[in-house]
Amino acid sequence: MQKHLQQITADMQLEENYYTLEKALLALYFHKNCTTKSLAHTTNLPIPIVSAMKKEFAKRGWGKHSLTKKGQLAILQYFQLSGADTKLYLQLTTDDAFRKEWITQNISELSAIYDARPSADVTIDQAKCTVETALKRALLALDYTMLFNKSILCLGDDDFISIALAFLLKKLAPHTTTKIVVLDIDRRILCTISKIAKDYELPIITDYYNVQEPLHKTYANQFDCVYTDTPYTLIGAQLFLSRAVNALKPEAMRHVFFSYAKRSYQKQWQLQQSLYAMGFVIDSIKYDINTYEGAQILGATSQLFVLQTTEQMNSYIPNQRKFTRPIYTGEIERKSVGYQCIHCQHSLTVGAGNQFTTIAQLQSSGCPSCKNKKFSQIKRTVQKIQSQHVLGHHILIELHDCNDTLLNDVQQIKTIMCQAAHKAKGTIMTEHFGQFSPYGVSGVVIIQESHLTIHTSPEYGYAAIDVFTCSSKLALKEAVQYITEQFNAGNVTQHYMHRGK
């Protein structure tokens, strides 16, 4: 079946992966009859593309507006949907009110299991999500056609998302061949999940894994989607997502459901730059899913990114050797928060090195003086443990629609680049420029503080320029402004990067 879908994708020259065809076939299987317009809405494809897709289905005897018996059998076997609850599937995928009610009704069924979770280990940035959050996250796999006949990786699972996924599977399609794998550094988590999986006959496999070690070849390129709630540091997110890239199958349109704390706009920009560098597309950002225990005190919520892979995937951190840099919040910064008991005004500090390391622990124990469980925050302190010094600043400039005569004038380009170095207040050590035949110029200005380079393509009206410095004292903006003014490009883009952070 998969080969048929891949062939259809190739024949139609469909940019979307065959997952889009799977989504269409599931809609035809569960809805019984689908118009071209409704399938276009389901798959997010233009109507002419959907019409062509349905013709390809018909060629193989699967049906067009509705499935033939051959088509029904093919889908049944491919997704292992024997015994599937069609009514529940339709209600969960089409009725938002029912979906909310279903989550509420099933919280109590899972609460006893979730209450058995080990206590959160704050040294590795654990924080328990609510049962409602776990169910909402599990339903994302259903929404993105990642639930039936798939391989799902939970990279770190103190939230027990694996349990919620397996629970949803048993409700919807108890005989599907979906495999759920949990990789975690916390053996308490692994032991508890393994016992629950055995007791409830859930399709979950657990294994110990320290994400700072390379991903074992057993798990490389094996998964259709990954769930991960990473450390709330940029380097931690980069490492976990790099391992997710290593674990995913190489085709495009795989998914990562990635939870991360809300951050300042600057830190959010840095995160999104990393996602772009790895080749991810942000399909959506969910702000109404993630809630953690203790939220009534902390306002503990985070955002959830739905990431989609492309054909340009690349690990930000190579999967070759042990990663030795600190990745957890407590290794990079030490937080302490002052609280005051609302009842007796007793004050105390929560954080590493204190009697209570988290507000949840304090709330559970109660005020040491009066046992009241309500507190107000009075002071918050953050101490940086690791230096966040940046070793270099790198600006990549792309100039389009430039004058082709200027782009082929080696002497004038040399003058502009040397003058730009002076504008930046750099100290020129040497320079070298060369002209190519039939056209094009490349050159470098070595400054005491690093370099400026240029490569031109006059035939395309294009120039690629790098300005790199290891000194924060240089006037880079003045240099960049001078360069863009001198070349008078019709279109200019700039990319800023920190090096050696």
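Of the N and O atoms on the side chains of Y144 and Q308, not one donor lies less than 3.5 Å from an acceptor on the other residue. Donor-acceptor pairing under 3.5 Å is recorded for the side chains of S194 and T206. No hydrogens or angles considered: nothing links the side chains of E251 and Q6 as a donor-acceptor pair under 3.5 Å. Residues Q238 and S274 have side chains that bring a donor and an acceptor to within less than 3.5 angstrom of each other.
At least one side-chain heavy atom of L140 sits under 4.5 Å from a side-chain heavy atom of L304. Between R99 and L139 the shortest side-chain heavy-atom distance falls below 4.5 Å. Counting heavy atoms from C-beta outward, Y78 and N149 have side chains that approach closer than 4.5 Å. Looking only at side-chain heavy atoms (C-beta outward), I204 and I163 come within less than 4.5 Å of each other. By the 4.5 Å heavy-atom criterion applied to side chains, R137 and S259 are counted as neighbours. You'll find the side chain of L399 reaches within 4.5 Å of the side chain of T484, heavy atoms only. Considering only heavy atoms from C-beta on, K150 stays 4.5 Å or farther from H255 through its side chain. Taking 4.5 Å as the limit, some side-chain heavy atom of K286 sits within range of a side-chain heavy atom of V306.
Ring-plane geometry between W102 and F167 is classed as tilted, the angle between the planes lying from 30 to 60 degrees on a 0 to 90 degree scale. Taking the six-membered ring where tryptophan is involved, the planes of Y260 and Y232 are perpendicular, since the angle between them exceeds 60° and thus also 30°. Using cut-offs of 30° and 60° on the angle between ring planes, the pair F257 and Y227 is tilted.
Identified under the side-chain hydrogen bond (donor to acceptor under 3.5 Å, both in side chains) test for residues 80-89, with sequence neighbours left out: none. For residues 177-203, no residue pair satisfies the ring pair (Phe, Tyr, Trp, His ring centres under 6.0 Å) rule, not counting sequence neighbours.
For NE2 of H41, the number of neighbouring non-hydrogen atoms (other residues, nucleotides, ligands) closer than 6.0 Å is 12 at most. Enclosure of atom NZ in K262 by more than 12 non-hydrogen atoms of other residues, nucleotides or ligands within 6.0 angstrom is indicated. Environment of OH in Y276: sparse, with no more than 12 heavy atoms of neighbouring residues, nucleotides or ligands closer than 6.0 Å.
Contact record, A244 with L155: N-CD2, 4.1 Å, taken as the closest heavy-atom pair. Annotation for I180 and L169: closest pair CD1-CD1, 4.1 Å, computed over non-hydrogen atoms. When all heavy atoms of A74 and M1 are compared, the closest pair comes out as CB-SD, 4.3 Å. Taking all atoms of both residues into account, the shortest heavy-atom contact from L396 to D466 is CD2-OD1, 3.3 Å. Here the shortest heavy-atom pairing between C367 and F375 reads N-CZ, 3.6 Å. Nearest heavy atoms, M53 versus A24: CE-CB, 3.6 Å.
With Y219 contributing its side chain and F223 its backbone, the two residues share no donor-acceptor pair below 3.5 Å. No donor-acceptor pair closer than 3.5 Å links the side chain of N246 to the backbone N or O of N319. The closest donor-acceptor contact from the side chain of T310 to the backbone of G279 lies under 3.5 Å.
None of I189, V182, I185, D184 except one satisfies the side chain to side chain contact (heavy atoms under 4.5 Å, CB included) rule with Y208; the exception is I185. Each of T130, D229, N290, T133 was scored for a side chain to side chain contact (heavy atoms under 4.5 Å, CB included) with D159, with one residue passing: D229.
With sequence neighbours excluded, no residue forms a salt bridge (Lys or Arg N to Asp or Glu O under 4.0 Å) with E311. Residues forming a ring-ring contact (aromatic ring centres under 6.0 Å, His included) with H4 (at least two apart in sequence, or on another chain): W62. A27 meets the side-chain contact (heavy atoms from CB on, under 4.5 Å) test with H31, C34, L39, T42; sequence neighbours excluded. Shown here are the salt bridge (Lys or Arg N to Asp or Glu O under 4.0 Å) partners of E449, two or more places apart in sequence or in another chain: there are none.
Between D224 and K249 there is a salt bridge, since at least one side-chain N of the basic residue sits less than 4.0 Å from a carboxylate O of the acidic one.
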